[in-house]
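Each remark here refers to the structure printed beneath this line.
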Amino acid sequence: MDGRAGSSAHPGSDNTARGSASIPAVNESRPPAHRGAAPAVTHYENFPVASWLCPPALRSPIAAIYHFARTADDIADEGDATAAQRIAELQAYRDELARIAQGETPANRWRGVFAPLQATIDQWQLPVPLLDDLISAFMQDIGKTENAQTYENRAELLDYCRRSANPVGRLLLHLYGVQDATSLVQSDAICSALQLINFWQDLSVDIPRGRYYLTDADRAQHGVSLTAMQQRQDSPALRQLVMQQARWARELMNSGAPLVHRVPGRAGWELRLVVQGGLRILDKVDTLQGRSLWERRTIGKTDVPRMLWRSLWM
């Protein structure tokens, strides 16, 4: 239940779509042969141990959502196109979503993405605005990066999470048939937490690329200038700022964690592993004591037993 628009961001992964974290990865070697057919789920990108927990009946719709988000990520982040070209391409992709949502036949260009997605929308009555929000977040990320813009405060950053990450959780809950208000709030907390965890995990990668997620308000609170952040000038204040962000993400994750008891069956156990994967990354960020500005830690096979054990006791 998560993602980040614009670059790699799955907790523990090295090259995955920011807008689709916790969606099972699929075989992308060829497009589906006919309308409604999506590639089979082959492994779980963030946490491989969870792949077999995906309910079989949901593998096709989840694959369709994954391909939609992954293709948008590729448009936003792959190749040598300019920012203006990427935004124009995403707008065309957004327009195609609107077309197929109205029942029009998918165009040839992205038929392999939109034919299965259209079938999924029709069969499961997916809320299309959530899919549109993902594209909106990709476009915002491109614009922010192109102009070296920061986020003013946590409210603005969480609004980005609302569109880049929270839609994935809400789409999955829709497929699981869980739509009560408490579950939606908890899902948003988990997804936003995962997004924030991605930010604090990826500081050493994002800051040199002009992606700034440490907010102006939090920097000011710690007396860290924009230049000091951009140049990653080592100081106790900058390290404390990073550690504060990790605590914020952990608090948010813990507030959403009770959702694992509201999602039924295998999906609930899958969610436990997603939550524990995010918390395990935070453990690694905490261990670095602010050095995630220069060093990126990921989840490995040796982390799986601990994640499983913690999942059992949630």
For a side chain to side chain contact (heavy atoms under 4.5 Å, CB included) check, start with the C-alpha distance between L117 and H67, then their side-chain angles and the critical distance, and finish with the verdict. CA-CA 9 Å; L117 184 65; H67 274 279; over 6 Å; no
What is the minimum heavy-atom distance between [X] and [Y], and which atoms define it?
{"X": "G277", "Y": "I299", "answer": "O-CD1, 3.3 Å"}
{"X": "L134", "Y": "S164", "answer": "CD2-O, 3.5 Å"}
{"X": "R86", "Y": "G79", "answer": "NH2-O, 2.9 Å"}
{"X": "L252", "Y": "S192", "answer": "CD2-CB, 3.7 Å"}
{"X": "S311", "Y": "L273", "answer": "OG-CD2, 3.4 Å"}
{"X": "A72", "Y": "F138", "answer": "CB-CE1, 3.7 Å"}

Within a strict 4.5 Å, meaning less than it, do heavy atoms of the [X] and [Y] side chains meet?
{"X": "L203", "Y": "Q245", "answer": "no"}
{"X": "F199", "Y": "L157", "answer": "yes"}
{"X": "L172", "Y": "L271", "answer": "no"}
{"X": "L175", "Y": "L126", "answer": "yes"}
{"X": "Y176", "Y": "L58", "answer": "yes"}
{"X": "Y160", "Y": "D141", "answer": "yes"}
{"X": "W269", "Y": "L308", "answer": "no"}
{"X": "I121", "Y": "L131", "answer": "yes"}

Between the side chains of [Y] and [X], is the shortest nitrogen-to-carboxylate-oxygen separation below 4.0 Å, so that they form an ion pair?
{"X": "E96", "Y": "R99", "value": "yes"}
{"X": "D206", "Y": "R209", "value": "no"}
{"X": "D188", "Y": "R170", "value": "yes"}

Selection residues 274-283 - residue pairs positive for salt bridge (charged side-chain N to carboxylate O under 4.0 Å, His left out), sequence neighbours left out: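 Salt bridge (charged side-chain N to carboxylate O under 4.0 Å, His left out) check on residues 274-283 returns R250-D283, R280-D283, R280-D303, D283-R310.
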Has the side chain of [X] got a donor or acceptor atom that lies under 3.5 Å from a matching backbone atom of [Y]?
{"X": "H174", "Y": "W124", "answer": "yes"}
{"X": "H222", "Y": "R239", "answer": "no"}
{"X": "N153", "Y": "A155", "answer": "yes"}
{"X": "D77", "Y": "D73", "answer": "no"}
{"X": "D180", "Y": "S183", "answer": "yes"}
{"X": "R211", "Y": "T145", "answer": "no"}
{"X": "R111", "Y": "P106", "answer": "yes"}

Distance from [X] atom [atom1] to [Y] atom [atom2], nearest 0.5 Å?
{"X": "L97", "Y": "I100", "atom1": "CG", "atom2": "CD1", "value": "5.5 Å"}
{"X": "M229", "Y": "D218", "atom1": "CE", "atom2": "CG", "value": "11.5 Å"}
{"X": "S292", "Y": "I207", "atom1": "OG", "atom2": "CD1", "value": "8.5 Å"}
{"X": "L226", "Y": "T150", "atom1": "CG", "atom2": "OG1", "value": "6.5 Å"}
{"X": "R262", "Y": "S187", "atom1": "CZ", "atom2": "OG", "value": "11.5 Å"}
{"X": "E89", "Y": "M139", "atom1": "CD", "atom2": "CE", "value": "11.0 Å"}

From CA spacing to verdict: side chain to side chain contact (heavy atoms under 4.5 Å, CB included), D202, R296: CA-CA 6 Å; D202 287 354; R296 184 178 187 271; 2.5 Å; yes
Non-neighbouring partners of A249 that pass side-chain contact (heavy atoms from CB on, under 4.5 Å), sequence neighbours left out: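 Only L196, I197, W200, L282 meet the side-chain contact (heavy atoms from CB on, under 4.5 Å) criterion with A249.
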Does the Lys NZ or Arg CZ of R291 fall within the cation-pi geometry relative to W294 - under 6.0 Å from the ring centre and within 45° of the axis?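 Not satisfied by the 6.0 Å and 45° rule.
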The criterion is salt bridge (Lys or Arg N to Asp or Glu O under 4.0 Å); which residues satisfy it with E156, sequence neighbours excluded?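 Here the qualifying residues are K144.
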Step-by-step side chain to side chain contact (heavy atoms under 4.5 Å, CB included) determination, F68 to I135: CA-CA 10 Å; F68 168 79; I135 304 176; 3.6 Å; yes
Residues which pass ring-ring contact (aromatic ring centres under 6.0 Å, His included) with W110, listed by chain and number, not counting sequence neighbours: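 Scan of W110 (ring-ring contact (aromatic ring centres under 6.0 Å, His included), adjacent residues dropped) gives Y93.
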With a sphere of 6.0 Å drawn around CD of Q179, does it hold more than 12 non-hydrogen atoms of other residues, nucleotides or ligands?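 More than 12 heavy atoms, drawn from other residues, nucleotides or ligands, come within 6.0 Å of this atom.
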Does atom CZ of R232 have more than 12 heavy-atom neighbours from other groups under 6.0 Å away?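 Count over threshold, so yes.
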Per the ring pair (Phe, Tyr, Trp, His ring centres under 6.0 Å) rule, what does the pair list look like for residues 295-314, sequence neighbours excluded?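 Only W309-W313 qualify under ring pair (Phe, Tyr, Trp, His ring centres under 6.0 Å).
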Which pairs pass ring pair (Phe, Tyr, Trp, His ring centres under 6.0 Å) with one or both residues in residues 229-254, sequence neighbours excluded?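 For residues 229-254: none.
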Verdict with reasoning, H261 to R272, per side chain to side chain contact (heavy atoms under 4.5 Å, CB included): CA-CA 9 Å; H261 302 292; R272 289 173 187 240; 3.6 Å; yes
Pair Q233-Q231, side-chain donor/acceptor within less than 3.5 Å: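 Yes.
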If you measure only the distance, is there a donor-acceptor pair under 3.5 Å linking the side chains of D95 and Q91?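 There is such a pair between these side chains.
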